[in-house]
Amino acid sequence: MEELEKLIEQMTVEEKAALCIGATAWTTTAVERLDVPSIMVTDGPHGIRKVANQDVLIEKSMPATCFPTASCLASTWDTELLQKMGQAMAEEAHALDVDVILGPGANIKRTPLGGRNFEYFSEDPFLSGRMATALIDGIQSRGVGTSLKHYAVNNQEDHRLTINVVVDERALREIYLRGFEMAVKAAKPWTVMCAYNKVNGEYCSQHHRLLTEILKEEWGFEGLVMSDWGAVHDRVKALLAGLDLEMPGPQPRRLQKVVEAVQSGELEMGVLDEAVRRILPIVFMAREVEGPRTFDAKAHHQLAREIAAQGMVLLKNDGLLPLAEFERVAVIGHSAKVPYYQGGGSSHINPTQVDVPFTELRKYAPDSEWLFAQGYGEMGVYDPGLIDEAVSVAGSADVAVLFIALPASKESEGYDRADLDLTEHQVALIRAVAKVQPRTVVVLNSGSAVNLAPWVMDVSAVLMGWMMGQAGGGAVADILFGKVNPSGKLSETFPFRLEDTPAFINFPGGAGEVRYGEGLYVGYRYYDAQQMQVAFPFGFGLSYTTFEYSNLKVAESFEDTDGLKVTFDVTNTGGLAGKEIAQVYVHDREASLARPPKALKGFAKVALGPGETQTVAVDLDFRAFAFYHPKHKAWITEDGMFDILVGASAEDIRLSAATQMKSTLDLPSLLDEESTISEWLADPRGRVVLQPLMEQFQAQLQQVLGPDEEDGGMNFSGMIMDMPLASILMFQQDKLPVPPEDMVAGLLQQVHAGRS
Ligand code: GLC
């Protein structure tokens, strides 16, 4: 630390200001005089997008492995696999001389319409936080940095540069920040990238509460905060809020502005020093570890194939899969030959190679006769001729494999989707093919949930391939022919209709603002609360084998700080080896504030041979039971009964057990001058102080208000409970020894003095 302080002391204000703004689109500013090197940052969340010319934002990048995107990664529920992927990405970053990778993206999928949902993990903060942590751990374990993004509440592309997100404190904390909090605390990302949008009226790039109070002070983040590209509106305000590095550079006018602000006293040197104090360690750390200038592209391609196969989700299978070696196989669909394996925008990779699904499938059955039909065009325009051709090919075969990819025009960074639907042509194609070919498999490629309702009953099997990465074609073949037994489970709900989605009436907002009216009720939290049927629930996925759950054990009671160990057995009751992702949800039977019916707080993925049983242990900590209390401004626990729910999906709860939790918190009383009688009596300390007076109050008040009416109607005793204590005292101030307000003050003093 001494070295660092000495170095800062030697720097001029111009050098400090320069360090806090990029030198180019992708590099930080060196300070040659003091041997401070420049480092390179670049995208992205599922592969390295390094453009040859560091002054250019978007151009064809150097070849790198395009891994499956985040929605597929999260559907693996496999933290070890993501760590491996992170290590491979780091090797490629070293080879391409990149110091910090701009990812992962951990924003919550508030609506399936999000254009960048392919880059984000889940609708659930716990799964998202665990996946982000794993990827960051993997990348940083090899001496390459990451940038956890986009902090925060960046859940739509529509007006993303300026939209003001209006979100209540509990939804902010429990849904939109929770995944970031988990990853920051568990994985310590070198950097965090702030989002473009505003949150409750302030741009993220100058949001002191988000950047400094919560991220740096409350969570203990020690890395640097960088802006999204072009997200800074006022460099001085951003520095004051805790935004350390503005990207991209160069920004000579802003640099000069910072220098002038220091010279005029508008900006204290100490604030600038704090930003420099966060940037320098990252710059030197990045230079500490050098890796080989090459990477094993073949091995990484194989890893991408393994990950894709683990993340694909078998949504339906009437027994057709795994495919037998049929005589004649019809493969239909543009994306069978031109695979749809990644999304548009800043995450777009120039892959080292790309598996063509049609080619990969044929390798499994070289003696079969393989037929192909285009099925649909890239732009998704309705073309009956293509459907007729596909129907004749499918009708003449023993089985049809349909590759259906959402047109790139429907989802990408920069814009959101308008609906959940495939194109009209694609729906007509699927139905027409299924009509003539009862053995029809649909392989779907999209970054987020799509509407399958119009055709899912017509086909034999459906495999969700997501944006499967460059090796996805091979992974599809591995699953369809049974080399890999599918084990992926949905990291987001597939609703029946767009109108059923929680954000429907508030998305995408308007007049520069979007209100998160659904609050905490995002994804399965909403469908649970509404008791609404969905097409495919969060956590759902089929296997070629079957599993049974048994023997759930939890302590009957526990204290919050001790946490709770959950153990249960999973048995492979089928004839094939397979993997099962068991989910642990927590239900709070009663709380002083509203809570969704259940929330994911643990999971485990087990590999089991036929007939094999394994005992799974999942540890639930304090936060598994806590909720954020806006008045206490803290995560709190309250005594009470909880249900531990172990499920194969959010809708398929296999085991449950009740347990009594004791809170060890000694929370200050929330009572104040405005508190009502019922709040006084609900607060343990308030009850002790007020109870003796209650009998006296009620008798006197009945005289004033009159008795409750016999057959319903006016209920004065109910009214009394809902009145502030001070108002009650006003009724009988002539009987009080002191004025009502002094009486309340005295009672409050007793309550707050009573805190141990
Ligand atoms: C983009 C994206 C961000 C990306 C950055 C650099 O606007 O929002 O995810 O890392 O700019 O390309």
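Starting from 1, each residue takes its place in the sequence as its number. Both counts, for ligands and for their atoms, begin at 1 and track the order of listing. All values below come from the heavy atoms of this structure, side chains included, with hydrogens, waters and symmetry mates left out. Here the structure is a predicted model, which is why all the values come from computation and not from measurement.
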Contact residues of ligand 1 with a heavy-atom cut-off of under 4.0 Å?
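Correct list: W26, D43, R49, L102, R116, K149, H150, R160, M193, Y196, D228, W229, S346, E413.
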
With a 4.5 Å cut-off on side-chain heavy atoms, are M226 and S147 touching?
yes

Using salt bridge (charged side-chain N to carboxylate O under 4.0 Å, His left out) as the criterion, list what pairs up with R49, not counting sequence neighbours.
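R49 satisfies salt bridge (charged side-chain N to carboxylate O under 4.0 Å, His left out) with D43 only.
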
The criterion is salt bridge (charged side-chain N to carboxylate O under 4.0 Å, His left out); which residues satisfy it with R170, sequence neighbours excluded?
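Partners of R170 by the salt bridge (charged side-chain N to carboxylate O under 4.0 Å, His left out) criterion, ordered by chain and then number, come out as E174.
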
Could you walk me through whether R235 and E246 pass the salt bridge (charged side-chain N to carboxylate O under 4.0 Å, His left out) check?
CA-CA 8 Å; R235 189 67 193 99; E246 172 177 3; 3.6 Å; yes

Could you tell me if R110 sits above the aromatic ring of Y516, with its cationic atom closer than 6.0 Å to the ring centre and no more than 45 degrees from the axis?
yes

H233: partners by ring-ring contact (aromatic ring centres under 6.0 Å, His included), with sequence neighbours left out:
Y203

